[in-house]
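A quick write-up on the structure given underneath.
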Amino acid sequence: MSKRAMKNYETSQRPAKESKKHWSLGLLESMKDPDSIYKETDRLVVIRDKYPKARIHYLVLPKEEISSIFKLNKTHLDLIDELGSMYKSIKNDHTESDLVAGFHAIPSMQRLHMHVISKDMDSKCLKTKIHWNSFTTSFFIPFDDLLKKLEQDGCIERISNETHKALMSTPLKCNQCSFEPKNMPQLKQHLLSHVK
DNA sequence: GTTCTAGAAC
DNA sequence: GTTCTAGAAC
């Protein structure tokens with residue numbers, strides 16, 4: 001290969017720094033990807049979670065540029081109401097499954113998003129204690145709770161780092177019975193007993 | 001958010 | 001020796 005060819009090869013194969021987008025912007029990409037979209041309305045997009053933590057796991061996002069729950073105020077109550085309607089709609093699509101809807105108290109990904117997830121929590125993508133505790137402790141803010149909070153206080157306040165740390169350190173406990181597994185593999189094995 | 005992997009836990 | 005967890009990623 002000539003020096004010129006080598007240089008062309010290097011510059012074409014190496015990803016340009018400018019094209020690398022931070023992982024926290026991933027949902028904005030998924031919202032534009034037809035393969036990720038489950039359904040869509042004038043104001044909302046529903047996508048399949050890229051790393052589903054249960055057999056059914058959707059994210060409901062507004063098209064409006066709202067970065068997170070911390071940007072919400074009372075002017076958004078009608079939008080939140082639409083999220084609730086979409087939750088109902090998705091439940092109608094999956095009458096065989098037990099679905100819950102809610103928000104993470106500290107989201108990692110940009111763009112306000114509501115999780116709609118089945119209680120089975122049976123998924124190869126569910127791997128860590130943090131995954132588990134983010135859906136099964138009060139780190140998970142149920143839809144109704146967020147709606148009430150917004151109606152009453154006009155905003156959603158950030159939890160402290162100490163509270164965050166404590167919630168993520170909560171000992172493992174089954175979300176469907178009182179079983180307390182010793183570790184994640186044991187929890188995942190146990191969860192199968194509730195679905196099969 | 002995930003991936004990778006060192007070293008803790010068993 | 002193997003399984004499992006938890007912290008760095010420039």
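Values reported hereafter were calculated over all heavy atoms of this structure, with side chains retained and with hydrogens, waters and symmetry mates removed. The chains referred to below are lettered A, B, ... by the order of the sequence lines, with proteins before strands, and numbering in each begins at 1.
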Q. Heavy atoms under 4.0 Å, any strand shown: does A/K182 hit a base, just sugar-phosphate, or nothing?
A. nothing

(Q) Give the dot-bracket line for DNA chain C from 5' end to 3' end: parentheses for intra-strand Watson-Crick or G-U pairs under 3.5 Å, square brackets for crossings, | for inter-strand pairing, dots for unpaired. (A) |||||||||.

Q: Decide yes or no for A/L167 and A/N133: does some side-chain heavy atom of the first lie under 4.5 Å from some side-chain heavy atom of the second?
A: no

Q) For the ring pair A/Y58 and A/H115, is the centre-to-centre distance below 6.0 Å? A) no

Q | Other residues, nucleotides, ligands: >12 heavy atoms within 6.0 Å of A/K149 NZ | A | no

Q) What's the closest nucleotide to the A/K129 side chain, out of B/dG1, C/dT5, C/dA6? A) C/dA6

Q.
Surrounding NZ of A/K53 (heavy atoms of other residues, nucleotides or ligands, distance under 6.0 Å), is the total greater than 12?
A. yes

Q: Would you check if the distance from the ring center of A/H104 to the ring center of A/F135 is below 6.0 Å?
A: yes

Q.
Rounded to whole Å, please give me the gap between CZ in A/F139 and C1' in B/dG1.
A. 12 Å

Q.
Categorize A/H113 for me: base, sugar-phosphate, or nothing, with a 4.0 angstrom heavy-atom threshold over every strand shown.
A. nothing

Q.
How many whole angstroms separate atom CG of A/L172 from atom P of C/dC4?
A. 13 Å

Q.
Checking the side chain of A/K74 only, and the main-chain atoms of A/E151 only, is there a donor and an acceptor separated by less than 3.5 Å?
A. yes

(Q) Rounded to whole Å, how long is the line connecting atom NZ of A/K165 with atom P of C/dA6? (A) 12 Å

Q: Using a cut-off of 6.0 Å, state whether more than 12 heavy atoms not belonging to A/K71 lie near its atom NZ.
A: no

Q) Under 4.0 Å: is that the gap between some side-chain N or O of A/H22 and OP1 or OP2 of B/dG1? A) no

Q: Specify the separation, in whole Å, of atom CE of A/M184 and atom C1' of B/dA9.
A: 17 Å

Q. Between C/dT5 atom C1' and A/K127 atom NZ, what is the distance in whole Å?
A. 14 Å

(Q) Considering every strand and a 4.0 Å limit on heavy-atom distances, what is the contact class for A/P185: base, sugar-phosphate, or nothing? (A) sugar-phosphate

Q: For A/W23 and C/dC10, give me the distance from atom CH2 to atom P, rounded to whole Å.
A: 15 Å

Q) In whole angstrom, what separates A/M109's CE from B/dT2's P? A) 8 Å

Q. What nucleotide among B/dT2, C/dA6, B/dG1 has an atom nearest to a side-chain atom of A/H131?
A. B/dT2

Q. Tell me: CE of A/M168 to P of C/dT5, nearest whole Å?
A. 16 Å

